[in-house]
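Owing to the predicted nature of the structure, the values given are computational and were not obtained by experimental measurement.
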Amino acid sequence: MRKLTTLMIAAVIALTGGAAAFATEYTKGTVKKVDMKAGKVTIIHEELANLDMPAMTMVFRTADPAMLEKMKAGDTIEFIADRVKGKLTVTELK
């Protein structure tokens, strides 16, 4: 029983560590459009590994509205996206 508990704890730690690695992986993209009024940005992006999505063009919300002021159409960016309250959201921007 003790070995089983130890294995289960090790598995949880391994899985948690793997998820953290994805969370900090930046994705490259090009800003296609910034919609300040709607609080959204359209990005042509590479694969989003943490969301299991292939490269495509998508509309995202931003975690902080100030991020929109840092972007304009044609900019090359690196960002982290995640689901926040069910919405695809840029959570970090380089």
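For K70, there are no salt bridge (charged side-chain N to carboxylate O under 4.0 Å, His left out) partners, not counting sequence neighbours. Legend: residues meeting side-chain contact (heavy atoms from CB on, under 4.5 Å) with E78, ordered by chain and number and at least two apart, are Y26, K28, K94. Residues satisfying the side-chain contact (heavy atoms from CB on, under 4.5 Å) test with A38, not counting sequence neighbours, are D35, K40.
M53 is not listed as a side-chain neighbour of E47, based on a closest heavy-atom distance of 4.5 Å or more.
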Report all side-chain donor-acceptor pairs from residues 58-69 shorter than 3.5 Å, counting only partners two or more places apart or in another chain.
| unit_1 | atom_1 | unit_2 | atom_2 | d |
| --- | --- | --- | --- | --- |
| T62 | OG1 | D64 | O | 3.2 |
| D64 | OD1 | A66 | N | 3.1 |

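If you chain together hydrophobic residues whose side chains sit under 4.5 Å apart, M71 and I80 never meet in one group.
Through ILVMFWY side-chain contacts below 4.5 Å, I44 is grouped with nothing and stands alone. Apart from V84 itself, the hydrophobic cluster it occupies contains nothing, where clustering links Ile, Leu, Val, Met, Phe, Trp and Tyr at side-chain heavy-atom distances under 4.5 Å.
Between the side chain of D82 and the backbone N or O of V90 there is no donor-acceptor pair closer than 3.5 Å.
Here the OG1 atom belonging to T57 is positioned 5.0 Å from the NZ atom belonging to K32, to the nearest 0.5 angstrom.
The side-chain contact (heavy atoms from CB on, under 4.5 Å) with I43 is formed by just one residue from the set T30, T27, I77; it is I77. Of the listed residues (T89, N50, L51), just one forms a side-chain contact (heavy atoms from CB on, under 4.5 Å) with R83, and that residue is L51.
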